[in-house]
Every structure is written in C-alpha cells, then in structure tokens.
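Okay, structure first, notes after.
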Amino acid sequence: MKNVKNYLSENKDRFLNEIIELLKIPSVSADPAYSQDVLDASEMVKSRLEEAGCDIVEIHETAGYPIVYGEKIINKDLPTVLVYGHYDVQPAEPLELWTSPPYEPVIKKTDLHPEGAIFARGACDDKGQMYMHVKALELMVKTDQLPCNVKFMIEGEEEVGSNNLSIYVAENKEKLANDVILISDTGMIANDVPSITTGLRGLSYVEVEVTGPNRDLHSGLYGGAVANPINILTKMIASLHDENNHITIPGFYDKVEELSSEERAEMAKAPFSIEKYQDALAIDAVYGEKGYSTNERNSIRPTLDVNGIWGGYTGEGAKTVIASKAYAKISMRLVPNQDWREITELFKTHFEAIAPKGVTVVVKPHHGGQGYVTPIDTDAYQAASKAYETTFGKKPIPQRSGGSIPIVSLFEQELKSKTILMGFGLDSDAIHSPNEHFGVWNYFKGIETIPYFYEYFTEMTKK
Ligand code: BES
Ligand code: MN
Ligand code: MN
C-alpha cells in the first residue's frame, strides 16, 4: 500500500464531516418512534458505499430494517473480504447525563483522546467503526490499490438481536460467499497497546415476571400475610449467586471451556492496572467470581446480571402498597461451548423451581446467541496482526472480549468462514452509555490499518 498517509491527510476534513453527518441521524432500532431515521441511515450508507467505489449497492428489505449490501468484484480468482457492521444505535437515554446532545456530534478532547474524540450516540458502536471500512475502500479504489474483492453487509438491527439478518444470511449463502469476514465493532486495549479481539461471549437474555395477589394491596391491611412479589423476586435473584459469586443454576457450568494454566498465564501478560480500572469507575474494589482475575471475569467466565428491575410504586413520595407483580430483565453472558438455548432452558427450569408457594413465575426468553473464538493460527489472523504491526509499530495482543455479537457464530455456521474482529474503540469510549465517543486518532488509525489487512491477506491467500 502506498500513499495511505497522504490520502488520509488530504481528505481528513471530509472524512470527519461525513461520519458526523451519519451520526446526526438518530437510528435507534429499539424504538419505533425512530423508524424513519433508521431508514434514512440505511439510505445514507447506500449512497456512501456507491461513492466509495462499490459497483453494486442494494437495499435488501426485511421484516424489520433493511440490510445494505454492496460489492466490488475485481477478479473472481482473487480472495473476497466480507465486511459486516451496523448502522443502528442504542437509545441515548438518559439524555440529561449527556454533556452535549447525542445527535449533535462535537469533537472534544479527553485525557485518553488528546487529539479529540467525536461525541455522539453511535460514534464508536458502530457507525464510526463501520464507516472506517467505507473510507478504507474509497482509499484503496481511488489510489488504484484494491487488491481483492470486497462485499459489504451493513444491518440495522444489531442492537435488537439481528433476527432478520439471520434469515438473510441463511437465504443468501452464495451471494455472501467469502474468504474471511472483517468486523470493526469491538475495542482494543489502549492507543499504544494495540490488540485484536479473539473472542466474544454468547448471550441469553430473559425477562421474568412474578405475580402474587390479583391486585395491588394496601401494605398495612395485607402486609405480612401474603407473598410480596418484589420481596420474593429479589430473594430469588439473590439466590442465583453463592458466597463465592458462583452461579447456582444446576448444570450452568457443565460445558464451560476451562482454559489451561498456560493460556491463563498468557492472558495475564496483557497490561492492566487494577487501580486505574477502579479509578475510572469510581469504585473502591472490584467484585466477582472467586478464583479469577478481573480480565478473566469479564471475558472467559460466564455471568448472570440483572439489567433492570421494576414493580410497585416508584413515583414521587410514598405509597403504601404491595404490588401484584414484579419484573426483572436478566442477561447471562456465556463462554465457548455453552449453548444459549440450553442455558435459557436451565435458567427457566431453575427459576420456576425456586419460586415459593404464593406466587407464580413466568420466564420469557428474549434473544440470545453463541459465543465465538477467532483462531490465531490462520492467514487471516496473521494478516491482521501484520497490518497492526505496520501502522502501530507494535505487534497486537490477542484478547478475548466480554461483549457479544451473536451473529458472528451464525456466520461461521452458515457461511463457513472465520471472522476477524479489528476493533479500534476503547472500553472507556462509553458505548451504550451517555457521552459515547470515538477518538479521531482511532478513526483514522482504523482507516489506515484496514487496507494493509486487505493487502497482506491477499498476498497470503492468493492461489
Ligand atoms: N458492538 C457491540 C458488542 C461489543 C462491544 C463486543 C465491545 C465487544 C466489545 C454490539 O453492538 C452490542 O452491543 N452487542 C450486544 C448484544 C446484542 C445482541 C444486543 C451486547 O454485547 O450487549
Ligand atoms: Mn456494535
Ligand atoms: Mn452495541
């Protein structure tokens, strides 16, 4: 690759302005109030793929939001890279915690981003990172250096479970045929400590409902004499972890992949400061499963967390009431070999079994997906590693992430190809939180690194 740095500096302002335009669209897939915006975002992605040099760009309608498909096939005998990303974003609430409005992107300096970071919902997850690939394609096409074929598949329902993408992938295996899948929707350790994500956790997400009496009751007249669904629900939830923070659901750990002591020792080499970690979150201690380090707890170990809990009176002042119902949303992050459907069943059976008389419990499975591990002994991983070495001047560290992109395991199952996760965000970029941002340096580093992946991967795999 030649002239990469030149092309970037010549087009710096335009590359920033374009991502800012995309970030102005509130494409929240979870909330129907934004449905036109989600569609607008898909149209913008389509136009930008055309401008960047794709020969074919199509909007594929689904039962939900459309999938934008683009391709540039230069020679059928050359390898094909399939880029996946998403143009939908998480809801921005709570709005009052944003220091600038979520859909009015601004560049502000931070301690970790001295060159500035773009603050907006979706800046890092995933519009900013997805758009790096569009600009990397432009760079390769406009400088006449695209070394292989490329296909894009950008969806609008990642944040709500990718159900329609699963159908699209299963129905379009030939169209989507590729030699490797490339995704930037994860993070790296630090700007001076590049890493490649080699694992994603699986997920089982459920909602539980506990019903007691047939109506809300006066907590004086009935209190103490009937089961209070909120008391019961919190007690049931508390019982899901033991004193070592081990999950108590029978069978939950049966299939968990145990890492060898060598693998754990290798993981422990990644630079990590517990003091900085605690300071950044304003906590005075970390918390988790006994016998595992913080980095192990948030990547190679499964978890169970309440994501939301409600019931009864939560308005101003006091109301003396025993609610008829209590609810919670619970996520379980899973590790390799755990099957999300099986875990969902184990949860349901156990949670119903521990319900005392006097209440009824309903467990509603929401969505889920399998975890994924990227093997590092492949041409694709080596090409990615070499690309980072070229642009960061350092070999990247392979590191498993705690997050989930459930569709990745489905790609492997349906398309039989491996995924390379080249994430350029930082954990502190506040994805899904107020004040999400993405470093300007990271954005351009991504655009710079991606073309080298294409180059090395093509060299390594060309027939
Ligand atoms: N991009 C994230 C996943 C992610 C972020 C993985 C950082 C690793 C590092 C993705 O958009 C996401 O939020 N996934 C959801 C699951 C999905 C089914 C809603 C998640 O992990 O909670
Ligand atoms: Mn994402
Ligand atoms: Mn996300």
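In each ligand, atom 1 is the first atom listed, and ligand 1 is the first ligand listed.
- Atom numbering of ligand 1 starts at 1 in the shown order; those under 4.0 Å from a heavy atom of H86 are 11 (O).
- Between H437 and the options W98, Y443, F119, a ring pair (Phe, Tyr, Trp, His ring centres under 6.0 Å) holds for only F119.
- Using a 30° and 60° split on the angle between ring planes, Y103 and Y34 fall in the tilted class, from 30° to 60°.
- For E159, the N, O or S atom with the smallest separation from the Mn ion (ligand 3) is OE2.
- Atoms of ligand 1 lying under 4.0 Å from any heavy atom of P406, numbered from 1 in the order shown and given with element: 18 (C).
- Checked against the 6.0 Å centroid criterion, the rings of H350 and F252 do not qualify as a close aromatic pair.
- A centroid separation of less than 6.0 Å is found between the aromatic rings of W441 and F392.
- The nearest heavy-atom contact from the protein to atom 6 (C) of ligand 1 is G403 CA, 3.7 Å.
- Closest to atom 21 (O) of ligand 1, if we only count protein heavy atoms, is R333 NH1, 2.9 Å.
- For ligand 1, none of its N or O atoms has an N or O atom of T186 under 3.5 Å away.
- Among protein heavy atoms, atom 17 (C) of ligand 1 sits closest to E158 O, 3.8 Å.
- Distance from atom 16 (C) of ligand 1 to its nearest protein heavy atom, with residue and atom name: S404 O, 3.6 Å.
- Per residue D125, closest N, O or S atom to the Mn ion (ligand 3): atom name OD2.
- The shortest N/O to N/O separation between E159 and ligand 1 falls below 3.5 Å.
- In this comparison of L426, V89, D125, the heavy atom closest to atom 2 (C) of ligand 1 sits on D125.
- Under 2.8 Å from the Mn ion (ligand 2) lies an N/O/S atom of D185, whether from backbone or side chain.
- You'll find the ring centres of H133 and F152 outside the 6.0 Å limit.
- D40 and Q36 share a donor-acceptor pair across their side chains, judged by distance under 3.5 Å alone.
- For the residue pair E389 and Y452, no side-chain donor N or O sits within less than 3.5 Å of a side-chain acceptor on the partner.
- The protein heavy atom nearest to atom 8 (C) of ligand 1 is S401 OG, 3.0 Å.
- Residue-ligand proximity: D126 is placed with every non-hydrogen atom at 4.0 Å or more from ligand 1.
- Heavy atoms of other residues, nucleotides or ligands lying less than 6.0 angstrom from NZ of K108 number more than 12.
- Looking from atom 4 (C) of ligand 1 to the surrounding protein, the closest heavy atom is D185 O, 3.6 Å.
- Aromatic pair Y456/Y388: centroids not less than 6.0 angstrom apart.
- Looking at H367 and N163, their side chains never bring a donor and an acceptor atom within 3.5 Å of each other.
- Among the atoms of H432, an N, O or S atom falls under 2.8 Å of the Mn ion (ligand 3).
- Stacking of K175 on the aromatic ring of Y69 is recorded, both the 6.0 Å distance cut-off and the 45° axial limit being met.
- Only the side chain of I431 comes within 4.0 Å of ligand 1, counting heavy atoms alone; its backbone N, CA, C and O stay farther away.
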